[in-house]
Student: 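Provided herewith is a single structure, encoded as structure tokens, for subsequent inquiry.
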2 protein chains.
Amino acid sequence: MHSMVNDDGTMKAESHGTAQAERPGAATGKVKGRPRGRPRSFDRETALEKALLAFWLHGYEATSVSDLTRVMDIGAPSLYAAFGDKRSLFEEVVQVYGATYGSFIDRALAEEPTARAAVERVLREAAAAYTEPGHPHGCLVVHAAANCSTPEVEQSLRDRRNADIAAFESRIRADVAAGALPPVTDAAALARHTGAMIQGMSQQARDGASREELEAVAEIAMSIWPRTGTHTG
Amino acid sequence: MHSMVNDDGTMKAESHGTAQAERPGAATGKVKGRPRGRPRSFDRETALEKALLAFWLHGYEATSVSDLTRVMDIGAPSLYAAFGDKRSLFEEVVQVYGATYGSFIDRALAEEPTARAAVERVLREAAAAYTEPGHPHGCLVVHAAANCSTPEVEQSLRDRRNADIAAFESRIRADVAAGALPPVTDAAALARHTGAMIQGMSQQARDGASREELEAVAEIAMSIWPRTGTHTG
DNA sequence: ACATTTCTCTAGTGCCCGCTATAAAATGCA
DNA sequence: TGCATTTTATAGCGGGCACTAGAGAAATGT
């Protein structure tokens with residue numbers, strides 16, 4: 001019972017492709033032609049984006065499968081065939097979110113020359129991203145699994161939040177080592193302060209704060225950093 | 001149907017006393033002796049505190065009535081008779097929370113001589129309160145109605161959060177008017193920054209930050225304020 | 001043509017949700 | 001001892017939840 005191997009010894013397909021490599025006949029060697037059976041009647045990426053917006057707006061728990069099938073405009077069996085269960089769909093949504101709406105953090109850390117510049121850019125871009133029209137306000141990773149009765153889901157987003165703070169900390173440590181920040185700098189506390197600012201700004205965005213208001217908050221928050229270079233007071 | 005008046009013309013009791021004045025025979029003039037019928041078999045305040053802890057830990061939506069009756073150790077009909085419905089119980093819980101665990105904000109604003117001292121005390125006490133053993137971490141008002149599918153409940157806590165920020169702002173404005181802060185001070189932004197810090201620290205507490213870590217964050221956050229008095233930096 | 005594969009549609013499954021009807025139990029008052 | 005009043009425990013209401021069985025529909029292969 002319940003095996004992954006069929007009666008004839010072949011493997012079961014596990015069709016719902018986990019995000020990328022949407023079934024180009026990988027194992028068989030075939031690459032070109034259409035799959036085999038009846039083609040899907042909806043665009044998977046489009047449906048995924050609709051699911052993303054629903055989860056972003058209402059959170060994991062409060063978004064029912066019935067809500068999802070309505071906004072994705074597909075039937076429940078199609079959803080389960082294409083994405084697995086609700087939790088798998090959410091995990092895929094989080095992955096897509098991190099690679100698109102949430103990518104500004106990694107990008108700033110990678111591209112800016114100093115930790116301070118990276119954090120300044122992160123806070124400024126957060127103010128814009130969290131209040132952008134056309135999608136829900138705030139950060140999905142911060143809010144979508146709050147008060148979740150599935151502990152694994154809540155923990156998975158918690159891990160993402162703490163990973164961002166760890167990334168801030170290591171970036172700050174690098175600057176301290178390079179002499180761009182004073183040796184007495186408390187990198188962990190500075191990183192956690194940055195994380196708290198981002199999460200607080202996200203909550204503020206959900207509570208109605210405008211982009212300009214969040215930018216003012218970000219500017220105030222940046223005044224904790226040691227002064228370097230020019231400045232207009 | 002569904003009237004507040006019984007067949008004999010008398011009024012229905014609507015017994016579940018809304019928080020205070022637990023039925024001392026108000027209308028009849030009687031004050032001393034026991035009510036009339038079968039006495040309640042549980043302590044209302046104790047049960048309310050248990051409900052508070054459950055809502056604090058899991059949030060409004062994820063705490064089911066079945067959860068509540070279990071932790072309060074009463075049957076569902078007793079819960080409904082004593083507290084109304086789930087939403088009324090939650091509102092009463094929020095009120096109790098604000099008068100106890102959450103009262104440190106109002107107290108600091110009322111007792112400290114300056115806005116800066118008040119905010120400093122608020123942040124320091126938040127670091128302690130949000131990580132205190134014996135109850136869930138973080139702030140109930142910040143988290144318990146996140147992703148709530150009952151908009152009124154979500155809005156009611158949002159209003160409380162924004163009211164706190166408004167209180168910060170007016171306290172800061174008072175200091176500006178009194179000359180304790182520079183005239184160019186952006187009171188709204190400073191207040192919102194404080195709100196974001198509190199909410200961010202609350203999220204950090206939920207994500208596992210310790211009291212010491214939050215105190216370090218609070219200390220960093222306080223460095224945005226114009227320097228007054230002595231300082232060892 | 002015909003079997004094979006895969007997706008879609010209908011219509012559910014069992015479970016838990018918030019909530020309540022009912023009657024028994026426990027009190028005060030006559 | 002009744003009788004009125006209130007709370008209790010039992011048991012269940014309709015409804016929404018995540019999820020799926022089964023049959024038909026639409027593409028492929030040979």
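Every chain is numbered from 1, with letters handed out A, B, ... down the list of sequences.
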Student: For B:Thr69, answer base if it contacts any base atom (sugar-phosphate contacts may also be present), sugar-phosphate if it contacts only those atoms, and nothing otherwise; contact means non-hydrogen atoms under 4.0 Å.
Tutor: nothing
Student: Is the Lys NZ or Arg CZ of B:Lys86 less than 6.0 Å from the centre of B:Tyr60's six-membered ring, within 45° of the axis?
Tutor: yes
Student: Let's see if you can work this out: which of C:dG18, D:dA9, D:dA26 has an atom nearest to the side-chain heavy atoms of B:Ser78?
Tutor: D:dA9
Student: Please determine whether any donor N or O and acceptor N or O are separated by less than 3.5 Å between the side chain of A:Arg36 and the base of C:dT5.
Tutor: no
Student: Quick one: B:Phe42 CZ to D:dT8 C1', roughly how many Å, whole number?
Tutor: 10 Å
Student: If you count heavy atoms of other groups shown closer than 6.0 angstrom to CD of B:Glu152, is the number above 12?
Tutor: yes
Student: Please examine the side chains of A:Phe42 and A:Met72, heavy atoms only from C-beta on, and report whether any two atoms are closer than 4.5 Å.
Tutor: no
Student: Anything under 30° is parallel, anything over 60° is perpendicular, the rest tilted; go ahead and classify B:Trp56 against B:Tyr97.
Tutor: perpendicular
Student: Identify, between A:Gly37 and B:Gly37, the residue whose nearest nucleotide on DNA chain C lies closer to the 5' end.
Tutor: A:Gly37
Student: Under 4.0 angstrom, heavy atoms only, what part of the nucleic acid is B:Pro39 near: base, sugar-phosphate, or nothing?
Tutor: sugar-phosphate
Student: Please give, in whole Å, the distance from C:dT20 C1' to B:Lys86 NZ?
Tutor: 17 Å
Student: Whole Å only: how far is the CZ atom of A:Arg87 from the C1' atom of D:dC17?
Tutor: 17 Å
Student: Side-chain donor-acceptor pair under 3.5 Å between A:Arg206 and A:Gln203, yes or no?
Tutor: no
Student: Report the residue (B:Gly75 or A:Ala76) whose heavy-atom-nearest nucleotide on DNA chain D is the more 5′ of the two.
Tutor: B:Gly75
Student: C:dG18 P sits how many Å from B:Arg70 CZ, rounded?
Tutor: 12 Å
Student: If I take atom CG in residue A:Asp73 and atom P in nucleotide C:dT8, what distance separates them, rounded to the nearest angstrom?
Tutor: 11 Å
Student: If you assign each of A:Arg38 and A:Val65 to its closest nucleotide in DNA chain D, which residue comes earlier from the 5' end?
Tutor: A:Val65
Student: Out of D:dA21, D:dA26, D:dT8, which has the shortest distance to the side chain of A:Pro77?
Tutor: D:dA21
Student: Under 4.0 Å between a side-chain N or O of A:Ser64 and OP1 or OP2 of D:dC17?
Tutor: yes
Student: Taking CG from A:Leu79 and P from D:dA18, how many angstroms apart are they, rounded to a whole number?
Tutor: 10 Å
Student: Using OP1 and OP2 only, check whether a side-chain N or O of A:Tyr80 sits under 4.0 Å from D:dT20.
Tutor: no
Student: Taking atom C1' of C:dC7 as reference, at what distance in whole Å does atom CG of A:Asp43 sit?
Tutor: 15 Å
Student: D:dC19 C1' sits how many Å from A:Phe83 CZ, rounded?
Tutor: 16 Å
Student: Identify whether any heavy atom of A:Ser149 sits under 4.0 Å from a base atom; if not, whether one sits that close to sugar-phosphate; answer base, sugar-phosphate or nothing.
Tutor: nothing
